[in-house]
Number of protein chains: 2
Amino acid sequence: MTYRLLEVQKSVLSKNAGLARDLRQRFADSGTFVVNLLSSPGAGKTTLLEETLRRLAPTHRAAALVGDQATDNDSLRLARAGVPVRQITTGAECRLDALMVGKALQDWLLADYDLLCIENVGNLICPAEYDLGEDLRVTLMSVTEGEDKPLKYPLAFNTAHTVIINKVDLALATGFDRAAARANIERVHPGVQVIELSARSGQGVDEWVQLIEERSSAKRAAPASV
Amino acid sequence: MTYRLLEVQKSVLSKNAGLARDLRQRFADSGTFVVNLLSSPGAGKTTLLEETLRRLAPTHRAAALVGDQATDNDSLRLARAGVPVRQITTGAECRLDALMVGKALQDWLLADYDLLCIENVGNLICPAEYDLGEDLRVTLMSVTEGEDKPLKYPLAFNTAHTVIINKVDLALATGFDRAAARANIERVHPGVQVIELSARSGQGVDEWVQLIEERSSAKRAAPASV
(Lines give C-alpha, C1' and ligand atoms only; values in the text may rest on other atoms or scores of the structure.)
Protein backbone atom coordinates (compact mmCIF):
# COMPACT_ATOMS: atom_id res chain seq x y z
CA MET A 1 0.00 0.00 0.00
CA THR A 2 2.69 2.45 1.06
CA TYR A 3 4.76 1.48 -2.00
CA ARG A 4 1.80 2.11 -4.31
CA LEU A 5 1.17 5.48 -2.64
CA LEU A 6 4.82 6.45 -3.04
CA GLU A 7 4.74 5.50 -6.73
CA VAL A 8 1.64 7.62 -7.32
CA GLN A 9 3.17 10.52 -5.40
CA LYS A 10 6.35 10.27 -7.47
CA SER A 11 4.27 10.43 -10.61
CA VAL A 12 2.30 13.42 -9.27
CA LEU A 13 5.53 15.25 -8.45
CA SER A 14 7.01 14.51 -11.85
CA LYS A 15 3.85 15.84 -13.55
CA ASN A 16 4.08 18.90 -11.30
CA ALA A 17 7.69 19.48 -12.35
CA GLY A 18 6.61 19.65 -16.00
CA LEU A 19 3.79 22.09 -15.28
CA ALA A 20 6.12 24.21 -13.13
CA ARG A 21 8.58 24.39 -16.03
CA ASP A 22 5.79 25.71 -18.28
CA LEU A 23 4.82 28.30 -15.65
CA ARG A 24 8.45 29.40 -15.27
CA GLN A 25 8.60 29.96 -19.03
CA ARG A 26 5.38 32.02 -18.95
CA PHE A 27 6.76 34.12 -16.07
CA ALA A 28 10.01 34.63 -18.03
CA ASP A 29 8.14 35.68 -21.17
CA SER A 30 6.04 38.20 -19.25
CA GLY A 31 8.92 39.45 -17.06
CA THR A 32 6.86 38.73 -13.93
CA PHE A 33 8.91 38.16 -10.79
CA VAL A 34 7.27 35.44 -8.71
CA VAL A 35 7.64 34.86 -4.96
CA ASN A 36 6.40 31.64 -3.26
CA LEU A 37 5.99 32.13 0.49
CA LEU A 38 5.97 29.06 2.80
CA SER A 39 5.47 28.79 6.57
CA SER A 40 3.59 27.12 9.41
CA PRO A 41 0.08 28.32 10.11
CA GLY A 42 0.18 31.64 11.93
CA ALA A 43 3.84 32.48 11.30
CA GLY A 44 2.84 35.76 9.68
CA LYS A 45 2.78 35.23 5.90
CA THR A 46 -0.34 37.32 5.33
CA THR A 47 0.74 40.21 7.54
CA LEU A 48 4.12 40.33 5.78
CA LEU A 49 2.55 40.21 2.31
CA GLU A 50 0.02 42.90 3.25
CA GLU A 51 2.88 45.19 4.28
CA THR A 52 5.02 44.20 1.24
CA LEU A 53 2.22 44.86 -1.25
CA ARG A 54 1.24 48.11 0.47
CA ARG A 55 4.80 49.37 0.07
CA LEU A 56 5.33 48.13 -3.49
CA ALA A 57 1.88 48.80 -4.99
CA PRO A 58 2.61 52.48 -5.81
CA THR A 59 5.67 51.61 -7.96
CA HIS A 60 5.02 48.04 -9.08
CA ARG A 61 2.25 46.30 -10.95
CA ALA A 62 1.69 43.64 -8.31
CA ALA A 63 -0.80 40.82 -7.77
CA ALA A 64 -1.22 37.95 -5.33
CA LEU A 65 -2.46 34.36 -5.18
CA VAL A 66 -3.44 32.93 -1.82
CA GLY A 67 -3.75 29.23 -1.02
CA ASP A 68 -5.85 28.05 1.89
CA GLN A 69 -7.60 24.82 2.77
CA ALA A 70 -10.72 26.78 3.69
CA THR A 71 -11.89 30.42 4.04
CA ASP A 72 -10.97 33.46 1.98
CA ASN A 73 -9.88 35.54 5.01
CA ASP A 74 -6.35 36.03 3.70
CA SER A 75 -7.32 37.16 0.21
CA LEU A 76 -9.67 39.74 1.75
CA ARG A 77 -6.79 40.97 3.90
CA LEU A 78 -4.37 41.18 0.96
CA ALA A 79 -6.92 42.94 -1.23
CA ARG A 80 -6.76 45.85 1.22
CA ALA A 81 -3.32 46.62 -0.24
CA GLY A 82 -5.16 47.59 -3.44
CA VAL A 83 -3.79 44.87 -5.74
CA PRO A 84 -5.62 42.06 -7.57
CA VAL A 85 -5.82 38.96 -5.39
CA ARG A 86 -7.12 35.52 -6.28
CA GLN A 87 -7.94 32.87 -3.71
CA ILE A 88 -7.15 29.18 -4.32
CA THR A 89 -9.13 26.99 -1.94
CA THR A 90 -7.30 23.67 -1.79
CA GLY A 91 -9.85 21.62 0.16
CA ALA A 92 -8.24 18.36 1.24
CA GLU A 93 -4.85 19.26 -0.26
CA CYS A 94 -2.14 20.52 2.07
CA ARG A 95 -0.29 22.64 -0.51
CA LEU A 96 -0.53 24.54 -3.77
CA ASP A 97 0.72 22.86 -6.93
CA ALA A 98 1.62 24.13 -10.39
CA LEU A 99 -1.71 22.97 -11.85
CA MET A 100 -3.69 25.03 -9.31
CA VAL A 101 -1.51 28.09 -9.97
CA GLY A 102 -1.79 27.68 -13.74
CA LYS A 103 -5.60 27.45 -13.53
CA ALA A 104 -5.82 30.48 -11.24
CA LEU A 105 -3.77 32.52 -13.72
CA GLN A 106 -5.57 31.23 -16.84
CA ASP A 107 -7.44 34.47 -17.64
CA TRP A 108 -4.76 36.87 -16.39
CA LEU A 109 -2.54 38.76 -18.82
CA LEU A 110 0.75 38.15 -17.04
CA ALA A 111 2.50 40.89 -19.01
CA ASP A 112 0.41 43.32 -16.94
CA TYR A 113 2.29 42.31 -13.78
CA ASP A 114 5.86 42.90 -12.58
CA LEU A 115 5.39 41.01 -9.36
CA LEU A 116 3.27 38.05 -8.32
CA CYS A 117 3.31 37.00 -4.67
CA ILE A 118 2.01 33.51 -3.90
CA GLU A 119 1.06 32.76 -0.33
CA ASN A 120 1.15 28.98 0.06
CA VAL A 121 -1.01 26.90 2.42
CA GLY A 122 0.17 27.16 6.04
CA ASN A 123 2.23 23.99 6.33
CA LEU A 124 5.98 23.31 6.56
CA ILE A 125 5.87 19.87 4.94
CA CYS A 126 3.84 19.40 1.77
CA PRO A 127 4.37 22.79 0.03
CA ALA A 128 8.13 22.27 0.03
CA GLU A 129 7.79 19.41 -2.46
CA TYR A 130 5.94 21.40 -5.13
CA ASP A 131 7.73 23.76 -7.50
CA LEU A 132 5.36 26.54 -8.64
CA GLY A 133 7.76 28.02 -11.22
CA GLU A 134 8.70 30.76 -8.76
CA ASP A 135 11.84 32.91 -8.93
CA LEU A 136 12.16 33.21 -5.18
CA ARG A 137 11.08 30.64 -2.63
CA VAL A 138 10.91 32.13 0.84
CA THR A 139 10.46 30.07 4.00
CA LEU A 140 9.33 32.06 6.99
CA MET A 141 9.55 31.02 10.62
CA SER A 142 8.51 33.10 13.60
CA VAL A 143 10.41 33.46 16.86
CA THR A 144 7.41 32.00 18.72
CA GLU A 145 7.84 28.61 17.00
CA GLY A 146 11.19 27.72 18.57
CA GLU A 147 14.72 27.53 17.23
CA ASP A 148 14.65 23.89 16.07
CA LYS A 149 12.17 24.23 13.21
CA PRO A 150 14.82 24.18 10.45
CA LEU A 151 16.09 20.81 11.73
CA LYS A 152 12.58 19.37 11.98
CA TYR A 153 11.38 20.56 8.57
CA PRO A 154 14.65 20.41 6.61
CA LEU A 155 13.15 20.37 3.09
CA ALA A 156 11.28 23.67 3.59
CA PHE A 157 14.48 25.37 4.70
CA ASN A 158 16.79 23.55 2.34
CA THR A 159 14.83 24.48 -0.79
CA ALA A 160 14.33 28.14 0.21
CA HIS A 161 16.30 30.88 -1.53
CA THR A 162 15.69 33.17 1.44
CA VAL A 163 14.70 32.44 5.03
CA ILE A 164 12.79 35.03 7.03
CA ILE A 165 12.72 35.05 10.83
CA ASN A 166 9.50 36.94 11.65
CA LYS A 167 8.03 38.44 14.84
CA VAL A 168 11.45 39.56 16.14
CA ASP A 169 9.53 42.10 18.26
CA LEU A 170 8.48 39.09 20.40
CA ALA A 171 12.01 37.63 20.69
CA LEU A 172 12.53 38.80 24.27
CA ALA A 173 9.05 37.84 25.50
CA THR A 174 9.44 34.33 24.08
CA GLY A 175 13.06 33.79 25.15
CA PHE A 176 14.09 33.25 21.51
CA ASP A 177 17.69 32.05 21.08
CA ARG A 178 18.72 33.88 17.90
CA ALA A 179 22.19 32.31 17.64
CA ALA A 180 20.77 28.79 17.92
CA ALA A 181 18.10 29.48 15.27
CA ARG A 182 20.66 30.91 12.85
CA ALA A 183 23.00 27.97 13.44
CA ASN A 184 20.16 25.51 12.71
CA ILE A 185 19.24 27.30 9.48
CA GLU A 186 22.91 27.33 8.45
CA ARG A 187 23.16 23.61 9.24
CA VAL A 188 20.33 22.55 6.90
CA HIS A 189 21.10 25.17 4.24
CA PRO A 190 24.66 26.51 4.41
CA GLY A 191 25.00 30.07 3.11
CA VAL A 192 21.29 30.78 2.65
CA GLN A 193 20.26 34.42 3.02
CA VAL A 194 18.42 35.12 6.30
CA ILE A 195 16.38 38.26 6.97
CA GLU A 196 15.14 39.04 10.47
CA LEU A 197 12.10 41.27 10.64
CA SER A 198 8.79 42.05 12.26
CA ALA A 199 5.94 42.42 9.78
CA ARG A 200 3.89 43.97 12.57
CA SER A 201 6.37 46.59 13.85
CA GLY A 202 8.02 47.16 10.46
CA GLN A 203 11.52 46.46 11.80
CA GLY A 204 13.68 44.88 9.08
CA VAL A 205 10.94 45.04 6.43
CA ASP A 206 12.98 47.54 4.36
CA GLU A 207 15.68 44.93 3.70
CA TRP A 208 13.04 42.43 2.52
CA VAL A 209 11.24 44.93 0.27
CA GLN A 210 14.55 46.06 -1.21
CA LEU A 211 15.39 42.45 -2.06
CA ILE A 212 12.11 42.09 -3.99
CA GLU A 213 12.65 45.43 -5.75
CA GLU A 214 16.18 44.54 -6.86
CA ARG A 215 15.34 41.04 -7.98
CA SER A 216 12.20 42.05 -9.88
CA SER A 217 14.02 44.92 -11.66
CA ALA A 218 16.80 42.52 -12.62
CA LYS A 219 14.24 40.12 -14.09
CA ARG A 220 12.53 42.83 -16.15
CA ALA A 221 15.97 43.89 -17.48
CA ALA A 222 16.94 40.31 -18.44
CA PRO A 223 16.14 38.80 -21.84
CA ALA A 224 13.07 36.56 -21.78
CA SER A 225 14.65 33.12 -21.73
CA VAL A 226 15.04 30.46 -19.08
CA MET B 1 -4.01 11.60 -11.88
CA THR B 2 -5.73 13.45 -9.08
CA TYR B 3 -8.56 10.93 -9.20
CA ARG B 4 -6.10 8.04 -8.95
CA LEU B 5 -4.35 9.75 -6.02
CA LEU B 6 -7.68 10.28 -4.25
CA GLU B 7 -8.61 6.64 -4.75
CA VAL B 8 -5.29 5.47 -3.28
CA GLN B 9 -5.65 7.91 -0.37
CA LYS B 10 -9.15 6.64 0.33
CA SER B 11 -7.84 3.10 0.41
CA VAL B 12 -4.96 4.14 2.72
CA LEU B 13 -7.41 5.84 5.09
CA SER B 14 -9.72 2.84 5.12
CA LYS B 15 -6.78 0.55 5.91
CA ASN B 16 -5.78 2.97 8.68
CA ALA B 17 -9.28 2.85 10.14
CA GLY B 18 -9.01 -0.93 10.51
CA LEU B 19 -5.60 -0.74 12.18
CA ALA B 20 -6.83 2.04 14.48
CA ARG B 21 -9.76 -0.17 15.53
CA ASP B 22 -7.27 -2.92 16.48
CA LEU B 23 -5.16 -0.44 18.46
CA ARG B 24 -8.26 0.86 20.27
CA GLN B 25 -9.08 -2.71 21.29
CA ARG B 26 -5.51 -3.24 22.57
CA PHE B 27 -5.69 0.01 24.57
CA ALA B 28 -9.07 -1.08 26.00
CA ASP B 29 -7.73 -4.50 26.99
CA SER B 30 -4.72 -2.98 28.75
CA GLY B 31 -6.66 -0.07 30.31
CA THR B 32 -4.21 2.41 28.80
CA PHE B 33 -5.62 5.92 28.31
CA VAL B 34 -4.26 7.37 25.05
CA VAL B 35 -3.95 11.04 24.12
CA ASN B 36 -3.18 12.19 20.55
CA LEU B 37 -1.87 15.75 20.47
CA LEU B 38 -2.08 17.77 17.23
CA SER B 39 -0.86 21.27 16.41
CA SER B 40 1.13 23.46 14.04
CA PRO B 41 4.90 23.39 14.35
CA GLY B 42 5.99 25.41 17.37
CA ALA B 43 2.59 25.72 19.05
CA GLY B 44 3.98 24.14 22.22
CA LYS B 45 3.09 20.42 22.13
CA THR B 46 6.43 19.26 23.54
CA THR B 47 6.56 21.86 26.32
CA LEU B 48 3.01 20.97 27.38
CA LEU B 49 3.71 17.23 27.34
CA GLU B 50 6.95 17.71 29.28
CA GLU B 51 5.02 19.55 31.99
CA THR B 52 2.11 17.05 31.88
CA LEU B 53 4.37 14.00 32.20
CA ARG B 54 6.47 15.67 34.92
CA ARG B 55 3.29 16.20 36.98
CA LEU B 56 1.74 12.79 36.31
CA ALA B 57 4.84 10.57 36.40
CA PRO B 58 4.84 10.18 40.22
CA THR B 59 1.29 8.79 40.29
CA HIS B 60 0.81 7.31 36.82
CA ARG B 61 2.62 4.71 34.77
CA ALA B 62 3.07 6.96 31.76
CA ALA B 63 4.86 6.71 28.41
CA ALA B 64 5.10 8.77 25.24
CA LEU B 65 5.45 8.39 21.49
CA VAL B 66 6.76 11.32 19.47
CA GLY B 67 6.34 11.76 15.74
CA ASP B 68 8.66 14.01 13.79
CA GLN B 69 9.74 14.22 10.17
CA ALA B 70 13.36 14.48 11.28
CA THR B 71 15.43 14.81 14.49
CA ASP B 72 14.84 13.22 17.88
CA ASN B 73 14.98 16.55 19.79
CA ASP B 74 11.48 16.15 21.18
CA SER B 75 11.89 12.63 22.48
CA LEU B 76 15.07 13.73 24.28
CA ARG B 77 13.10 16.60 25.85
CA LEU B 78 10.23 14.33 26.92
CA ALA B 79 12.59 11.71 28.34
CA ARG B 80 13.65 14.33 30.90
CA ALA B 81 10.27 13.77 32.57
CA GLY B 82 11.55 10.31 33.48
CA VAL B 83 9.10 8.24 31.43
CA PRO B 84 9.78 5.83 28.54
CA VAL B 85 9.68 7.69 25.22
CA ARG B 86 9.90 6.29 21.73
CA GLN B 87 10.59 8.41 18.65
CA ILE B 88 8.82 7.76 15.34
CA THR B 89 10.68 9.44 12.50
CA THR B 90 8.18 9.81 9.66
CA GLY B 91 10.54 10.94 6.89
CA ALA B 92 8.45 12.16 3.93
CA GLU B 93 5.15 11.57 5.73
CA CYS B 94 3.39 14.56 7.27
CA ARG B 95 1.58 12.63 10.04
CA LEU B 96 1.56 9.54 12.21
CA ASP B 97 -0.71 6.68 11.24
CA ALA B 98 -2.00 3.61 13.08
CA LEU B 99 0.56 1.33 11.41
CA MET B 100 3.48 3.45 12.67
CA VAL B 101 2.01 3.55 16.19
CA GLY B 102 1.37 -0.21 16.19
CA LYS B 103 4.96 -0.91 15.09
CA ALA B 104 6.40 1.44 17.72
CA LEU B 105 4.41 -0.36 20.45
CA GLN B 106 5.14 -3.88 19.17
CA ASP B 107 7.51 -4.88 21.99
CA TRP B 108 5.80 -2.86 24.75
CA LEU B 109 3.65 -4.55 27.36
CA LEU B 110 0.76 -2.09 27.28
CA ALA B 111 -0.66 -3.40 30.56
CA ASP B 112 2.35 -1.72 32.19
CA TYR B 113 1.02 1.72 31.25
CA ASP B 114 -1.99 3.76 32.45
CA LEU B 115 -1.29 6.65 30.14
CA LEU B 116 0.22 6.96 26.67
CA CYS B 117 0.72 10.43 25.22
CA ILE B 118 1.28 10.63 21.47
CA GLU B 119 2.78 13.83 20.10
CA ASN B 120 1.86 13.96 16.43
CA VAL B 121 3.93 15.59 13.65
CA GLY B 122 3.66 19.41 13.72
CA ASN B 123 1.00 19.96 11.08
CA LEU B 124 -2.65 21.04 11.22
CA ILE B 125 -3.73 19.23 8.04
CA CYS B 126 -2.60 15.62 7.53
CA PRO B 127 -2.67 14.28 11.13
CA ALA B 128 -6.37 15.15 11.44
CA GLU B 129 -7.26 12.45 8.89
CA TYR B 130 -5.60 9.56 10.74
CA ASP B 131 -7.24 7.85 13.71
CA LEU B 132 -4.59 6.37 16.03
CA GLY B 133 -7.05 4.54 18.28
CA GLU B 134 -6.75 7.34 20.85
CA ASP B 135 -9.26 8.06 23.63
CA LEU B 136 -8.69 11.79 23.54
CA ARG B 137 -7.74 13.84 20.52
CA VAL B 138 -6.45 17.26 21.51
CA THR B 139 -5.84 20.06 19.04
CA LEU B 140 -3.65 22.81 20.36
CA MET B 141 -3.32 26.33 18.97
CA SER B 142 -1.18 29.10 20.40
CA VAL B 143 -2.20 32.75 20.77
CA THR B 144 0.69 33.72 18.48
CA GLU B 145 -0.89 31.94 15.50
CA GLY B 146 -3.92 34.19 15.16
CA GLU B 147 -7.59 33.73 15.91
CA ASP B 148 -8.63 32.36 12.50
CA LYS B 149 -6.83 29.02 12.63
CA PRO B 150 -9.97 26.98 13.50
CA LEU B 151 -11.69 28.31 10.36
CA LYS B 152 -8.66 27.61 8.17
CA TYR B 153 -7.99 24.08 9.48
CA PRO B 154 -11.53 22.96 10.29
CA LEU B 155 -10.89 19.19 10.35
CA ALA B 156 -8.23 19.45 13.06
CA PHE B 157 -10.62 21.39 15.28
CA ASN B 158 -13.76 19.54 14.29
CA THR B 159 -12.35 16.09 15.14
CA ALA B 160 -10.78 17.20 18.46
CA HIS B 161 -12.37 16.18 21.76
CA THR B 162 -10.60 19.04 23.50
CA VAL B 163 -9.07 22.24 22.13
CA ILE B 164 -6.21 23.90 23.99
CA ILE B 165 -5.31 27.56 23.54
CA ASN B 166 -1.65 27.70 24.57
CA LYS B 167 0.80 30.55 25.33
CA VAL B 168 -1.88 32.70 26.99
CA ASP B 169 1.01 34.48 28.77
CA LEU B 170 1.73 36.08 25.37
CA ALA B 171 -1.89 37.11 24.70
CA LEU B 172 -1.33 40.78 25.51
CA ALA B 173 2.01 41.06 23.68
CA THR B 174 0.50 39.55 20.52
CA GLY B 175 -2.83 41.40 20.66
CA PHE B 176 -4.72 38.09 20.79
CA ASP B 177 -8.50 38.46 20.47
CA ARG B 178 -9.74 35.76 22.85
CA ALA B 179 -13.44 36.21 22.12
CA ALA B 180 -12.87 35.92 18.35
CA ALA B 181 -10.76 32.77 18.77
CA ARG B 182 -13.37 31.13 21.00
CA ALA B 183 -16.16 32.07 18.58
CA ASN B 184 -14.21 30.52 15.69
CA ILE B 185 -13.63 27.29 17.61
CA GLU B 186 -17.32 27.17 18.54
CA ARG B 187 -18.25 27.76 14.91
CA VAL B 188 -16.34 24.74 13.55
CA HIS B 189 -17.02 22.51 16.57
CA PRO B 190 -20.04 23.62 18.63
CA GLY B 191 -19.79 22.68 22.30
CA VAL B 192 -16.22 21.39 22.24
CA GLN B 193 -14.30 21.75 25.50
CA VAL B 194 -11.68 24.53 25.40
CA ILE B 195 -8.85 24.90 27.91
CA GLU B 196 -6.74 28.06 27.98
CA LEU B 197 -3.27 27.65 29.44
CA SER B 198 0.40 28.48 29.28
CA ALA B 199 2.64 25.42 29.32
CA ARG B 200 5.57 27.75 30.04
CA SER B 201 4.12 29.75 32.96
CA GLY B 202 1.96 26.88 34.28
CA GLN B 203 -1.24 28.99 34.20
CA GLY B 204 -4.24 26.75 33.47
CA VAL B 205 -2.18 23.54 33.34
CA ASP B 206 -3.96 22.20 36.45
CA GLU B 207 -7.27 22.03 34.59
CA TRP B 208 -5.64 20.09 31.76
CA VAL B 209 -3.81 17.64 34.06
CA GLN B 210 -7.00 17.08 36.04
CA LEU B 211 -8.85 16.21 32.82
CA ILE B 212 -6.23 13.55 32.00
CA GLU B 213 -6.34 12.18 35.56
CA GLU B 214 -10.12 11.88 35.58
CA ARG B 215 -10.39 10.36 32.15
CA SER B 216 -7.59 7.83 32.69
CA SER B 217 -9.03 6.74 36.07
CA ALA B 218 -12.44 6.30 34.46
CA LYS B 219 -10.90 4.11 31.75
CA ARG B 220 -9.08 1.89 34.25
CA ALA B 221 -12.37 1.50 36.18
CA ALA B 222 -14.36 0.59 33.05
CA PRO B 223 -14.74 -3.00 31.81
CA ALA B 224 -12.34 -3.82 28.99
CA SER B 225 -14.65 -3.64 26.01
CA VAL B 226 -15.07 -1.12 23.21
Side-chain angles (χ1 to χ4, degrees), chain A residues 1-2 4-9 11-12 14-16 39-44 46-47 68-74 77 90 92-95 97 99 121-126 128-129 141-156 167 169-170 172-175 184 188 200, chain B residues 1-2 4-9 11-12 14-16 39-44 46-47 68-74 77 90 92-95 97 99 121-126 128-129 141-156 167 169-170 172-175 184 188 200:
Chain A
M1 177 57 63
T2 302
R4 199 172 133 221
L5 186 62
L6 281 178
E7 281 303 295
V8 177
Q9 279 174 341
S11 146
V12 168
S14 120
K15 194 182 169 201
N16 186 76
S39 83
S40 303
T46 313
T47 304
D68 255 316
Q69 265 208 299
T71 84
D72 58 357
N73 296 354
D74 289 353
R77 282 173 63 192
T90 62
E93 299 294 345
C94 48
R95 76 300 178 279
D97 60 33
L99 184 65
V121 177
N123 187 314
L124 274 180
I125 302 180
C126 328
E129 299 193 59
M141 64 181 277
S142 80
V143 302
T144 64
E145 293 172 68
E147 300 79 9
D148 59 348
K149 293 304 160 292
L151 304 182
K152 295 175 81 170
Y153 305 94
L155 193 65
K167 306 194 189 179
D169 54 320
L170 295 174
L172 259 181
T174 54
N184 289 339
V188 296
R200 197 171 61 149
Chain B
M1 176 56 66
T2 301
R4 199 172 135 220
L5 187 62
L6 281 178
E7 280 304 295
V8 176
Q9 279 175 341
S11 147
V12 168
S14 122
K15 194 182 170 201
N16 186 75
S39 83
S40 304
T46 313
T47 304
D68 254 317
Q69 266 209 300
T71 84
D72 58 357
N73 296 353
D74 290 353
R77 283 173 61 191
T90 62
E93 298 296 346
C94 49
R95 76 296 179 282
D97 59 34
L99 183 65
V121 178
N123 187 315
L124 274 179
I125 302 179
C126 327
E129 299 192 58
M141 63 181 276
S142 80
V143 302
T144 64
E145 292 172 70
E147 300 78 10
D148 61 347
K149 292 304 160 289
L151 304 182
K152 296 175 81 170
Y153 304 94
L155 193 65
K167 305 193 190 178
D169 55 321
L170 296 174
L172 259 182
T174 54
N184 289 339
V188 297
R200 197 170 61 150

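Per chain, numbering begins at 1; letters A, B, ... match sequence-line order.
Taking A/Pro41, A/Gly44, A/Ser40 one by one and counting their heavy-atom pairs under 4.5 Å with chain B, the maximum is reached by A/Pro41. Among the candidates A/Asp169, A/Leu155, A/Leu124, A/Thr71, the residue making the largest number of heavy-atom pairs closer than 4.5 Å to chain B is A/Thr71. By number of non-hydrogen pairs under 4.5 angstrom with chain A, the leading residue of B/Gly175, B/Ala92, B/Ser142, B/Gly122 is B/Gly122. Most heavy-atom pairs under 4.5 Å with chain A, from the set B/Lys149, B/Glu145, B/Lys152: that is B/Lys152.
If you measure heavy-atom distances from A/Thr174 to chain B, the contacts under 4.5 Å come from both the backbone and the side chain. Only the side chain of A/Pro154 comes within less than 4.5 Å of a heavy atom in chain B; its backbone stays farther off. Interface residue B/Leu151: backbone and side-chain heavy atoms are both found under 4.5 Å from chain A. The contact between A/Cys126 and chain B is made entirely by side chain atoms (from C-beta outward), counting heavy-atom distances below 4.5 Å.
Heavy atoms only, all atoms of each residue included: B/Val121 and B/Asp68 are closest at CG2-N, 4.1 Å. In this structure, B/Gly42 and B/Lys167 approach most closely via the heavy-atom pair O-NZ, 2.7 Å. Of all non-hydrogen atoms in B/Asp148 and A/Asn73, the two that sit nearest each other are CB-ND2, 3.6 Å. Nearest heavy atom pair, residue A/Gln69 against residue A/Thr90, reads CA-OG1, 3.4 Å. The minimum heavy-atom distance between B/Ile125 and B/Asn123, with the atom names listed, is N-OD1, 2.7 Å.
Side-chain atoms of A/Asp74 and A/Arg77, non-hydrogen and from C-beta on, do get closer than 4.5 Å to each other.
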